[in-house]
Amino acid sequence: MSDRKSNNKNNKKKRYNGKEDEEFNPKFRKPRKKVCTMCANKELVLDYKNYDQMKKFINEKGKILPRRATGACAKHQREITTAVKRARHIAILPYTQG
């Protein structure tokens, strides 16, 4: 009887695209690597006076989003930070929402 149970466990390994079930888990898929939108599109220029462009980089509380959220490279994230701070200084963007 115990042989049948252990035998069934071994037979339950499912295959998906040539990989065994142990290697493939749909809950923990490797996420796609984000590509910096400004590196991909060379014509896109960051302008601190453009409110619609700047609000993509801040959250609902007015904080600057991190690189993992914006998908920007380090160089462009620094430019985003500078542009948002300039827009805040001339009152285009709020420092806080409230």
Side-chain angles (χ1 to χ4, degrees):
M1 187 87 164
S2 64
D3 274 343
R4 273 178 61 189
K5 286 184 182 178
S6 65
N7 204 7
N8 283 340
K9 287 180 184 176
N10 292 337
N11 290 336
K12 286 186 180 180
K13 287 184 182 176
K14 295 178 183 176
R15 296 184 70 81
Y16 183 81
N17 289 341
K19 295 181 181 178
E20 290 187 4
D21 193 29
E22 296 168 358
E23 295 175 12
F24 176 77
N25 190 345
K27 290 181 183 177
F28 300 105
R29 271 187 265 151
K30 188 175 179 183
R32 289 183 60 188
K33 184 164 173 60
K34 290 184 181 179
V35 179
C36 178
T37 55
M38 288 174 261
C39 287
N41 186 4
K42 299 290 184 183
E43 296 173 1
L44 182 65
V45 178
L46 197 61
D47 185 20
Y48 68 94
K49 294 174 273 184
N50 188 351
Y51 173 76
D52 294 326
Q53 189 180 30
M54 288 292 106
K55 71 179 182 179
K56 294 177 186 175
F57 302 114
I58 61 170
N59 66 5
E60 62 276 354
K61 292 184 177 182
K63 291 186 173 184
I64 300 171
L65 292 173
R67 278 182 57 195
R68 65 179 179 271
T70 60
C73 63
K75 174 185 172 186
H76 288 112
Q77 184 66 28
R78 286 191 297 271
E79 291 178 8
I80 289 168
T81 303
T82 305
V84 169
K85 289 178 181 180
R86 284 180 181 167
R88 284 176 179 167
H89 187 71
I90 60 172
I92 293 175
L93 291 177
Y95 282 96
T96 60
Q97 292 288 86

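- Heavy-atom minimum distance, C39 versus K42: O-CE, 3.4 Å.
- For the atom pair OG1 (T81) and CZ (R78), the distance works out to 9.0 Å, reported to the nearest 0.5 Å.
- With a 6.0 Å radius and a threshold of 12 heavy atoms from other residues, nucleotides or ligands, R86 has its CZ atom at or below the threshold.
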Show which side-chain atoms of residues 58-72 pair as donor or acceptor with protein atoms under 3.5 Å away, not counting sequence neighbours.
unit_1: N59; atom_1: OD1; unit_2: K61; atom_2: N; d: 3.1
unit_1: N59; atom_1: OD1; unit_2: G62; atom_2: N; d: 3.1
unit_1: N59; atom_1: OD1; unit_2: K63; atom_2: N; d: 2.8
unit_1: R67; atom_1: NE; unit_2: A72; atom_2: O; d: 3.3
unit_1: T70; atom_1: OG1; unit_2: P66; atom_2: O; d: 3.3
unit_1: T70; atom_1: OG1; unit_2: A72; atom_2: N; d: 3.4
unit_1: T70; atom_1: OG1; unit_2: Q77; atom_2: OE1; d: 3.0

Can you give the donor-acceptor pairs under 3.5 Å from side chains of residues 44-53 to other protein atoms, not counting sequence neighbours?
unit_1: D47; atom_1: OD1; unit_2: K49; atom_2: N; d: 3.4
unit_1: N50; atom_1: OD1; unit_2: D52; atom_2: N; d: 3.4
unit_1: Q53; atom_1: OE1; unit_2: D47; atom_2: N; d: 3.1
unit_1: Q53; atom_1: NE2; unit_2: V45; atom_2: O; d: 3.1

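- Other cluster members for Y95: none, since no ILVMFWY side-chain heavy atom sits under 4.5 Å from it.
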